[in-house]
Student: 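Please find one structure pasted underneath; my questions will follow.
Because only heavy atoms are used, hydrogens play no part in the values below, and waters and symmetry mates are left out as well, while side chains stay in. Chain A is the first sequence line, chain B the second, and so forth, proteins listed ahead of strands; every chain is numbered from 1.
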Number of protein chains: 2
Amino acid sequence: MKKKYIEIYHTLVEDIQKGEYLSGETLPSEHELSSRFHTSRETIRKALNLLSHNGYIQKVRGKGSVVLDRDKFEFPVSGLTSFKELSERLGQSFRTHVHELTLVKEAKICRQLNCPAGASLWRVIRAREIGGERIILDKDYIRQDLVPELTKEIVQHSLYNYIENELELDISFAKKEIVVEPVTEEDEVFLDLKGHHQVVVIRSYVYLADTTAFQFTESRHRPDKFQFVDFARRTKG
Amino acid sequence: MKKKYIEIYHTLVEDIQKGEYLSGETLPSEHELSSRFHTSRETIRKALNLLSHNGYIQKVRGKGSVVLDRDKFEFPVSGLTSFKELSERLGQSFRTHVHELTLVKEAKICRQLNCPAGASLWRVIRAREIGGERIILDKDYIRQDLVPELTKEIVQHSLYNYIENELELDISFAKKEIVVEPVTEEDEVFLDLKGHHQVVVIRSYVYLADTTAFQFTESRHRPDKFQFVDFARRTKG
DNA sequence: GATTATAATTTGTATATACATGTTTTGCAA
DNA sequence: TTGCAAAACATGTATATACAAATTATAATC
């Protein structure tokens, strides 16, 4: 099946990004959109709810779907955006240094990933260089029973691309934490810290669509180069 | 109107929090829930989508709604949680020091809030003390045309409570940014920095349901006491 | 012309049906 | 007992209708 409402969502996102609808303006009414896309109003509403959820529009009862100004948050470290997408969006030169790609057994991480204590995990350690400076250190632990093979080429190119497109694993959600911590010896070795004594640490547990815990990631950023941008909707009730 | 699906959402959240459904288990099927709540399946689905969106469940096709383990992220600085909710959840003693409550005209902030350049803004500066240490400095700019009156009591007690419950303004969404910056003289004066030379800065633009930009907030945290926890769903397409 | 009442427009909620798609269970057959 | 096919079950998508509630446009009245 094609999932009409997803198609309509993408069409409308493109239209907004092309400037067809400016911020402050309203989209065509649900009724008009449904005749324009030859579909029912409920299907249009599903597409509009996606737009609303992702911060493209605000629906105002009796008025319409008002287009929001997304200019102020064009840096989505948010969501589950990967390093590759990120640096491409920045338009800066980037490199990835693979420092480790090994199989390990770490009972503590296994327990948090809900896999057997003796299970093998891939440990991937990569330094990210942007604009000539190594500013991010990524430490990944991935269940080997779900990803049997990993090569240096894969982790250097795009791990997520391999996992989602080659292995066709359905990455669905993540729990993440952002804190600030003192630098470790590892940070000193692999990063250009420029005198900084603390790093911003993003720890994530990544889950597949079937709720399988899949990966634990620790992303360590030099504080002056760190930015997290988010769109948050208030849950009513 | 009562909004059945909101009611059902809250009922199910309470049930999950009471441990009626354990993580890993599935909720009753949509069909069973609809007969249990005497409503249609679509209404149940709206409630379940809210649960899914807020990280309580993961819907798995053909299987059911699997309850997720929320233990690992019980510290939602996320969303738009206010300081009061936050410290109460922490269960620690807290105090608010009001250092400033004045009307100012700041063209730059006015422009970003889309209000006339000459408009008056409330500037509220508060230091937050938790466990005997002043670790958060909140600087708020609020449009006076939307909030005509503010007193020291209000900003000391709960600003959001006043705005939402007394003025009945409908706070709907926010754009926020998290960065790390050097401490300012102001930070030195109002916070117990304990030798830290950087603070975590959360800048937020807060909007009402009718898309009116309403408030700009800068929340400055001592890095060792800062934590941001989030549940992020991957947008498909 | 200004104010007010009415109608039209637009989004929100609730319900119903049909069929698609993925999972689990059941039952039959080898 | 094992293996496979079919049925039962669960969620996903698409469509339709009716009414509620908020806003905007229109018309009527003073």
Student: Within this structure, what is the NE2-to-P distance between A:H31 and D:dT23, rounded to whole angstrom?
Tutor: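 Rounded to whole Å, this separation is 22 Å.
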Student: Taking only the side-chain heavy atoms of A:K63 (C-beta and beyond), determine which of C:dG12, D:dT24, C:dA14 contains the nearest atom.
Tutor: D:dT24
Student: Name the closest nucleotide to the A:E42 side chain, picking from D:dA21, C:dA14, C:dG22.
Tutor: C:dA14
Student: Choosing from C:dG12, D:dT13, C:dT15, which nucleotide comes nearest the side chain of B:R41?
Tutor: D:dT13
Student: Do we get B:R233 above A:F173's six-membered ring, with its NZ or CZ under 6.0 Å from the centre and within 45° of the axis?
Tutor: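 Relative to the ring axis of A:F173, which defines the angle, B:R233 lies inside both limits.
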Student: Considering heavy-atom distances to DNA chain C, does B:H38 or A:K59 have its closest nucleotide positioned more toward the 5' end?
Tutor: A:K59
Student: Does a donor on one side chain sit under 3.5 Å from an acceptor on the other, for A:Y141 and A:Q215?
Tutor: no
Student: For A:T26, answer base if it contacts any base atom (sugar-phosphate contacts may also be present), sugar-phosphate if it contacts only those atoms, and nothing otherwise; contact means non-hydrogen atoms under 4.0 Å.
Tutor: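 Since no nucleic acid heavy atom lies under 4.0 Å of A:T26, the category is nothing.
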Student: Kindly give the heavy-atom pair with the smallest separation between A:F226 and A:F228, and that separation in Å.
Tutor: CZ-CB, 3.7 Å
Student: Side chain of B:R45: nearest nucleotide among C:dT11, D:dT13, D:dT15?
Tutor: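 Nearest to the side chain of B:R45 among the choices is D:dT13.
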Student: Whole-Å distance between D:dA16 C1' and A:K46 NZ?
Tutor: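 Nearest whole value for this atom pair: 13 Å.
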Student: What's the closest nucleotide to the side chain of B:R61 if the choices are C:dT11, C:dT21, D:dT13?
Tutor: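 Closest nucleotide to the B:R61 side chain: C:dT21.
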Student: Mind calculating the distance between NZ (A:K3) and C1' (C:dG22) to the nearest angstrom?
Tutor: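 Taking NZ of A:K3 and C1' of C:dG22, I get 12 Å after rounding.
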